Participant: 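Structure below; questions to follow.
Chain naming here is simple, since letters A, B, ... match the order of the sequence lines and numbering starts at 1 in each. The structure displayed is predicted, hence computed values, not measured ones.
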There are 2 protein chains.
Amino acid sequence: MTTASPTKTPRREPRARTGARSSAEARIVRSIGEAIADRRLPPGTKLTEESLAEAFGVSRERVRKVLLLLAQRRVVTLIPNRGAFVAKPTPREAREVFEARRIVERAIMERLERLPRPLPADLLDRLRDHGALEDAAERDADRKAMIRLSGQFHLLLAEVAGNATLAGILTDLIDRSSLAIAAFERRSSHTCSADDHRRLIAALIGNRPGEATALMIDHLDEVERQLDLEAKTDARIDLKAIFADEPEPA
Amino acid sequence: MTTASPTKTPRREPRARTGARSSAEARIVRSIGEAIADRRLPPGTKLTEESLAEAFGVSRERVRKVLLLLAQRRVVTLIPNRGAFVAKPTPREAREVFEARRIVERAIMERLERLPRPLPADLLDRLRDHGALEDAAERDADRKAMIRLSGQFHLLLAEVAGNATLAGILTDLIDRSSLAIAAFERRSSHTCSADDHRRLIAALIGNRPGEATALMIDHLDEVERQLDLEAKTDARIDLKAIFADEPEPA
DNA sequence: ACCGCTCAGATTGTGCACAATTCTGGAGGC
DNA sequence: GCCTCCAGAATTGTGCACAATCTGAGCGGT
């Protein structure tokens, strides 16, 4: 059933999909994911099925399936009978996501550092090509591109580390950190600095044991530190805090 | 919108769902997941929408959604126009899943070992209660219960470690290792031994630094080592191997 | 003014029918 | 004998219509 004997008709073997139909659904998922990451869709935004269907020129059922996938990845929140919203992580969840990233990405870096030297040429090429893209985006002050490339950088490392399962896990975590950043970034902050990435690439090429791993941890710590993850568990408490030092104008 | 001011009507706040409607879908997902884990549904099994709908007494669309969720978790494979099958991991994927588990569960154990001592009473209770359940299942030689409890043990540790995000990641990894075990277990093998779990609990309670973590790594290595993860990338090669030493009966 | 009630409009949820594709078994030609 | 081709059956994919539920505004009572 799942096997084709060598003498049988060499029929096209349709490749397995993990859940998203390649062309249509996957494109929409990616598109919405990027919009959330670069904050065209801030946390809490209502995602009406009808509007999305119209925007992408597909049927409502198609949108429905996409929202289900995004909900599974915790990028949107589905509330029964009320619809889909861009997820609004709690500070706790944000911290958890960053801790998970530190765990996963430390393992990835350790794997990369264990690779036999010198590193294969195509790997070096990919790292350098990506570096160039990030430099260009930074030079042009193209914020959207920088956000997208920053995520892709971490994903690239996971990919070349050779464990697709870990890379898949990291994909979700990166999407969720974009969300956390969108939700908690301080006004005055800058994005995931391309400089950190440059140093990371250099450390990986020059093979000083543990250095690249340490840089990655610092990098992730730094990104998390730039967020404002104070209590604010609820808007109820917020109101009290805001009006606490009001000078009672009556 | 997401906040209710204190003076407003204390209306029921519908809790967010991550994608599975609580009662119906979640139950079916769990049910199918367990059936796959204890090998009532071996890898490669065709999951016909109609049959599942009938079996669970729900509509076909409901089943469709469930299959989409399971596909997202890589527990089933969706092939366009051909249907859903219990996933059949490759040896490579199996290795990747176990490596991911070692990474995640090492981090969880390190977290648990950092907990202030003595451990809170309710945590100890939960560990001991679970241990009793595993003992009982082993005594009764209840294979299904042992498999289920073994997964729950690892999940329990993740949960008490206090990072729900990591626990969620581990949930998927555990399901996928069950699948890998189902696909590659040697004929003569025993399951994830309850003995390992007992020792782990003991090591956690008695606080010898690093011991519990080391036991966990050994435990996972041992489970993986019991699998037969030799090449066999395809059934094509299989056939040649099988008939290689046939004495040509013509 | 404030609170609760009710009703229209909008949005999500679900079953059903039909279209599209694949699978099966058998007839026919080489 | 073996391969190819071709209906018919079975299975999956998709749009549509309607049911269920929620939102928000208006209205009357206190």
Participant: May I ask you to decide whether A:Glu224 forms a salt bridge with A:Arg101, counting only side-chain N to carboxylate O separations under 4.0 Å?
Facilitator: no
Participant: Can you find a side chain N or O atom of A:Arg82 that sits less than 4.0 Å from OP1 or OP2 on D:dT23?
Facilitator: yes
Participant: What's the separation between atom CG in B:Asp172 and atom OG1 in A:Thr165, rounded to the nearest 0.5 Å?
Facilitator: 11.0 Å
Participant: Under 4.0 Å between a side-chain nitrogen and a carboxylate oxygen: does that hold for B:Arg74 and B:Glu93?
Facilitator: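 So B:Arg74 does not pair with B:Glu93 through a salt bridge.
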Participant: Which whole-number value in Å describes the distance from A:Leu52 CG to C:dT12 P?
Facilitator: 9 Å
Participant: Could you state the CD1-C1' distance from A:Ile79 to C:dT12, rounded to the nearest angstrom?
Facilitator: 13 Å
Participant: If you count the non-hydrogen atoms of other residues, nucleotides and ligands that lie under 6.0 Å from CZ in A:Arg40, is the total more than 12?
Facilitator: yes
Participant: To the nearest angstrom, how far is B:Glu49 atom CD from D:dT11 atom P?
Facilitator: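 It is 10 Å, rounded to the nearest whole Å.
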Participant: Using whole Å, what does the distance between atom C1' of nucleotide C:dT22 and atom CG of B:Asn81 come to?
Facilitator: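 Rounding to the nearest Å, CG of B:Asn81 and C1' of C:dT22 are 7 Å apart.
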Participant: Rounded off to whole Å, could you give me the NZ-to-P distance for the A:Lys65 and C:dG13 pair?
Facilitator: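 After rounding, the gap between these two atoms is 16 Å.
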Participant: Could you tell me the separation between the NZ atom of A:Lys46 and the P atom of D:dT23, rounded to a whole number of Å?
Facilitator: 8 Å
Participant: To the nearest Å, how far apart are B:Leu68 CG and D:dT12 P?
Facilitator: 14 Å
Participant: Produce the list of close N/O pairs, under 3.5 Å, pairing protein atoms with atoms of nucleotides 15-18 of chain C; give distances to one decimal.
Facilitator:
unit_1: C:dG15; atom_1: OP2; unit_2: B:Ser59; atom_2: OG; d: 2.7
unit_1: C:dC16; atom_1: N4; unit_2: B:Glu61; atom_2: OE1; d: 2.7

Participant: To the nearest 0.5 Å, how far apart are CG in B:Leu170 and CG in B:Leu157?
Facilitator: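 Between B:Leu170 CG and B:Leu157 CG, I get 9.0 Å after rounding to 0.5 Å.
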Participant: Report the distance from atom CD of A:Glu50 to atom P of C:dA10, rounded to the nearest whole Å.
Facilitator: 11 Å
Participant: Less than 4.0 angstrom from a charged side-chain N to a carboxylate O is my criterion; do B:Glu34 and B:Lys144 meet it?
Facilitator: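 No.
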